Amino acid sequence: MVETTPLTDRYGRVASDLRISLTDKCNLRCSYCMPAEGLDWLPNERLLSDDEIVRLAAIAVQRLGVREIRFTGGEPLVRRGLVDIVARTRAVDPSVELSVTTNGLGLAKLARPLADAGLSRVNVSLDTVRPETFATITRRDRLHDVVEGLEAAAEAGLGPIKINAVLLRDVNDDQAAELLEWCVTRGYQLRFIEQMPLDAQHGWSREGMVTADETFERLEKEFTLTPAHEPRGSAPAELFHVDGGAGVVGTVGVIASVTRPFCGDCDRVRLTADGQVRNCLFAREESDLRTALRNGASDEELASRWVTAMAGKLPGHGIDDPTFLQPDRPMSAIGG
Ligand code: SAM
Ligand code: SF4
């Protein structure tokens with residue numbers, strides 16, 4: 001039995017929730033994430049192999065106290081080895097929560113194999129249930145694939161299914177209540193996320209962003225929202241019970257990353273597809289595990305580098321600081 005060293009930072013926060021990006025590539029082009037023409041993808045030789053990912057995941061779980069792993073990207077479902085990576089990570093520890101954050105394309109086919117491989121649940125990103133708005137935001141006419149993917153995930157038992165939505169001014173901000181009703185009637189847990197300055201085009205502006213307060217205002221016109229009583233803890237979403245009458249009841253979350261940051265309770269750490277540890281979405285520094293790993297570092301040495309990388313985590317994202325600089329890597333290359 002190896003000794004566990006928690007990923008603690010100077011402010012006493014402990015990271016136990018690991019996001020692993022499996023690729024920076026994607027088959028959608030969401031306007032708040034990527035330009036229409038896509039990006040220069042990472043060259044293959046820099047990407048961690050399936051074996052390298054599973055080895056780092058095992059180190060995180062067995063030596064660093066990680067209890068939850070979420071595979072993300074880019075679009076994790078485009079990574080060929082995904083099902084195998086999930087199965088091998090599940091074999092490391094049957095009790096770790098394993099999930100995937102996906103745009104849902106291809107989930108109709110993959111939901112069952114992923115569930116069989118030991119995936120616990122899925123988060124699916126969906127900003128609208130209108131085909132034209134979907135095509136405007138993602139620049140692809142694929143809403144039906146996402147809807148089919150969600151149905152397959154529910155059938156395969158990959159619940160509770162969470163849906164992430166970003167509202168964009170004058171694009172889908174008038175559809176918040178419609179999306180919530182659609183999710184609640186299907187048993188999906190919707191969470192609205194404030195748009196963050198992480199797009200590759202650097203097009204974010206505070207004025208343009210739809211705030212959590214505006215989202216509440218829109219929802220409260222149609223639904224009665226009452227705070228859910230569970231303590232928020234390190235979960236970023238403020239949770240509410242939803243009552244829309246006529247049996248339309250469920251929950252909704254609002255993630256106010258910009259206007260009500262939750263950095264003081266953060267328990268996350270990220271590993272990019274090219275093997276860099278990032279202690280924050282907004283970090284401007286990374287720690288290179290890939291080079292050490294390929295130069296023959298032992299598990300103990302890799303764990304020790306990881307612990308050092310976390311110690312330097314800043315107290316907050318600093319979006320409101322006049323000196324704030326958007327990180328060089330966009331969301332799709334960090335792993336959202
Ligand atoms: N492709 C997958 C997907 O869309 O779910 C996984 C990667 S994506 C980067 C992860 C999440 O980040 C998605 O829910 C997406 O909506 C969100 N996201 C991307 N860019 C964002 C931004 N600028 N602000 C807030 N959320 C963003
Ligand atoms: Fe792709 Fe996800 Fe970014 Fe949309 S948000 S472009 S689906 S990585």
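Just follow the structure's listing: the first ligand is 1, and inside any ligand the first atom is 1. None of the values given here were measured: they were computed from a predicted structure. Numbering starts at 1 and runs along the sequence shown.
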**Item:** E155 and R112: CA distance, side-chain angles, deciding distance, salt bridge (charged side-chain N to carboxylate O under 4.0 Å, His left out) verdict
**Value:** CA-CA 8 Å; E155 232 163 78; R112 174 58 61 191; over 6 Å; no
**Message:** Tell me if the aromatic rings of F240 and F216 count as close, with their centers under 6.0 Å from one another.
**Reply:**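 Yes - the distance between ring centres of F240 and F216 falls below the 6.0 Å cut-off.
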Answer yes or no: is there an ion pair linking [X] with [Y], defined by an N-O contact shorter than 4.0 Å?
{"X": "R305", "Y": "D288", "result": "no"}
{"X": "R79", "Y": "D50", "result": "yes"}
{"X": "K109", "Y": "D145", "result": "no"}

**Prompt:** Can you list the residues that meet the side-chain hydrogen bond (donor to acceptor under 3.5 Å, both in side chains) rule with D299, with sequence neighbours excluded?
**Reply:**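 For D299, the residues satisfying side-chain hydrogen bond (donor to acceptor under 3.5 Å, both in side chains) (neighbours in sequence not counted) are R55.
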**Item:** Distance filter under 2.8 Å, centred on atom 4 (Fe) of ligand 2 - protein N, O or S atoms that pass it
**Value:**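 Correct list: C30 SG.
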**Asked** Is it the case that T23 and E75 place a side-chain donor and acceptor less than 3.5 Å from each other?
**Response**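 The criterion, which ignores hydrogens and geometry beyond distance, is not satisfied for E75 and T23.
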Need the list: ligand 1 N/O atoms against protein N/O atoms, distance under 3.5 Å, rounded to one decimal.
from, atom 1, to, atom 2, distance (Å)
ligand 1, 1 (N), G74, O, 3.0
ligand 1, 1 (N), E75, OE1, 3.1
ligand 1, 4 (O), S125, OG, 3.3
ligand 1, 5 (O), T102, O, 3.3
ligand 1, 5 (O), S125, OG, 2.5
ligand 1, 14 (O), S125, OG, 2.7
ligand 1, 14 (O), N164, ND2, 3.2
ligand 1, 16 (O), Y32, OH, 3.2
ligand 1, 23 (N), Y32, O, 3.1
ligand 1, 23 (N), M196, O, 2.9
ligand 1, 24 (N), M196, N, 2.8

**Selection residues 61-73 - residue pairs positive for side chain to side chain donor-acceptor pair (under 3.5 Å), sequence neighbours left out** =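 Pairs touching residues 61-73 that pass the test: R67-D93, R67-S95, R70-S99.
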**Prompt:** Under 3.5 Å, side chain of R142 to main-chain N/O of R139, donor-acceptor pair present?
**Reply:**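 Not at all, since once roles are kept as given, no pair shorter than 3.5 Å links the two residues.
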